[in-house]
Amino acid sequence: MSTRLEPVEVGAPPGRLSEWVIAPVRFNGFLGLSTTRNECVISPEFSCFGHRWTLGVFPGGDDDSNNGFVALRLVNETEECIGVEFKFI
């Protein structure tokens, strides 16, 4: 049995980071996914900032990955463009 502790936030991050949204996306059974380069598993769509998004994980990397590295892609599925800053943690 595992216990997940939620992050504790004290105050708002300075500047634009105070507008950040955390959208947890979990790929369960990661060890069982194919490690063939360019094979992707795509999350269900989720909504954030009025846009629909998907997250793709390439367990074996994509064309731009070094050997042994995983690739991730955040895709805006709506037609309207939006500028975002993001990071994977």
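In plain terms, the two heavy atoms of Glu39 and Pro59 that are nearest each other are O-CD, 3.6 Å. Annotation for His51 and Glu80: closest pair CE1-O, 3.4 Å, computed over non-hydrogen atoms. Closest non-hydrogen pair, Glu77 versus Thr54, comes out as OE2-OG1, 2.7 Å. Scanning all heavy atoms of the two residues, the minimum distance from Asp62 to Asn38 falls at CA-OD1, 3.2 Å. Across all their heavy atoms, Trp53 and Cys48 have their closest contact at NE1-O, 3.0 Å.
Hydrophobic clustering keeps Val57 apart from Ile42 (ILVMFWY residues linked when any side-chain heavy atoms are closer than 4.5 Å, directly or through intermediates). A continuous path of hydrophobic side-chain contacts links Leu55 to Phe49 [ILVMFWY only; heavy atoms under 4.5 Å]. Phe58 and Val25 are members of different hydrophobic clusters when ILVMFWY side chains are connected at heavy-atom separations under 4.5 Å. A single hydrophobic cluster is not seen to contain both Val75 and Ile82; linkage of ILVMFWY side chains at heavy-atom distances under 4.5 Å, directly or through other members, places them apart.
A search for ring-ring contact (aromatic ring centres under 6.0 Å, His included) contacts involving Phe69 returns nothing, not counting sequence neighbours.
Between Phe86 and Phe88, the ring planes lie perpendicular to each other; the angle is over 60°, past the 30° to 60° tilted range.
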